[in-house]
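As a basis for the values below, the full set of heavy atoms in this structure was taken, side chains included, without hydrogen atoms, waters or symmetry mates. Ligands are counted one by one from 1 in listed order, and the atoms in each one are counted from 1 as well. Everything numeric here is computed off the predicted structure, so don't read it as measured data.
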Amino acid sequence: MLYKRIDVLLCCGSGCVSAGANKIKQKLILEIAFQDISEEINIIETGCMGPCDAGPVMLVYPEGVFYQKLTVEDIPELVEEHFKKGRPVKRLMLQDKENIYETKKDLPFYKKQIKVALENCGHIDPDSVDEYIATGGYEAIGKILTEMKPADAVQVVKESGLRGRGGGGFPTCSSGNLLPK
Ligand code: FES
């Protein structure tokens, strides 16, 4: 991916797609071209960022500004004010009576979360193996295949305490004793 002045991460998880993310993307491409800044903007589709009920959601870097509940009608203002003039659009940010939550790290939704296995979800393009590899993808399997015995790999997973993938909360390595020694 080429370096550009602004990276626009548009959530294209199923929740945001059902709320209109594809139309947002089409309008973004058109509007960015119309305002003559296509050379400066990367539009990157990501997997689910988490707060699906706020969709369609978007993250804009380098600042990490988080926009929510976007509509096609919001896009011309967003492109002109934020992308062109550098003035983030507060009315499209999550807010309550006391606060406007400007960036992703400010959002109450994320405050108590520590993502481990899904730490890059919402940050990289799920269709790009290059982005996966650039963020450490396949490093663990490479280490397992070249440096470890199967039983040692199972032990590492057991000791990690990893559990709950899929929501059931079951230990990830409960069938580890079926692997060859
Ligand atoms: S699908 Fe976009 S936040 Fe979950």
Undergrad: Are the side chain of Lys111 and the backbone N or O of Lys105 linked by a donor-acceptor pair below 3.5 Å?
TA: yes

Undergrad: Which atoms of ligand 1 sit under 4.0 Å from any heavy atom of Cys11?
TA: 1 (S), 2 (Fe), 3 (S)

Undergrad: Which ligand 1 atoms, with their elements, are less than 4.0 angstrom from a heavy-atom of Cys16?
TA: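 Those of ligand 1 that fall under 4.0 Å from Cys16 are 1 (S), 2 (Fe), 3 (S).
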
Undergrad: Answer yes or no: is there an ion pair linking Lys90 with Glu102, defined by an N-O contact shorter than 4.0 Å?
TA: yes

Undergrad: Please determine whether side chain to side chain contact (heavy atoms under 4.5 Å, CB included) holds for the pair Glu80 and Lys85, giving the CA-CA distance in whole Å, both sets of side-chain angles, and the decisive distance to 0.1 Å.
TA: CA-CA 6 Å; Glu80 179 168 354; Lys85 298 179 178 170; 3.1 Å; yes

Undergrad: Give a yes or no on whether a salt bridge exists between Asp74 and Lys69, defined as a side-chain N under 4.0 angstrom from a carboxylate O.
TA: no

Undergrad: Backbone, side chain, both or neither: what part of Cys52 comes under 4.0 angstrom of ligand 1, heavy atoms only?
TA: both

Undergrad: Of all the atoms in ligand 1, which lie at a distance below 4.0 Å from a heavy atom belonging to Gly13?
TA: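 Those atoms are 1 (S).
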
Undergrad: Got a sec: does the CD of Gln113 have more than 12 other heavy atoms crowding it under 6.0 Å?
TA: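 Count over threshold, so yes.
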
Undergrad: Distance under 4.0 Å to a non-hydrogen atom of Met49: what atoms of ligand 1 satisfy this?
TA: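 Near Met49, the atoms of ligand 1 are 3 (S).
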
Undergrad: Would you say Cys48 reaches atom 2 (Fe) of ligand 1 with an N/O/S atom under 2.8 Å?
TA: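 Checking Cys48: none of its N, O or S atoms is under 2.8 Å.
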
Undergrad: Is it true that Pro51 lies under 4.0 Å from ligand 1, counting heavy atoms only?
TA: yes

Undergrad: In this structure, which one of Leu9, Leu28, Ile43 forms a side-chain contact (heavy atoms from CB on, under 4.5 Å) with Met58?
TA: Leu28

Undergrad: For atom 3 (S) of ligand 1, state which one of Gly47, Ser18, Ala19, Gly50 supplies the nearest heavy atom.
TA: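 Minimum heavy-atom distance to atom 3 (S) of ligand 1 goes to Gly50.
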
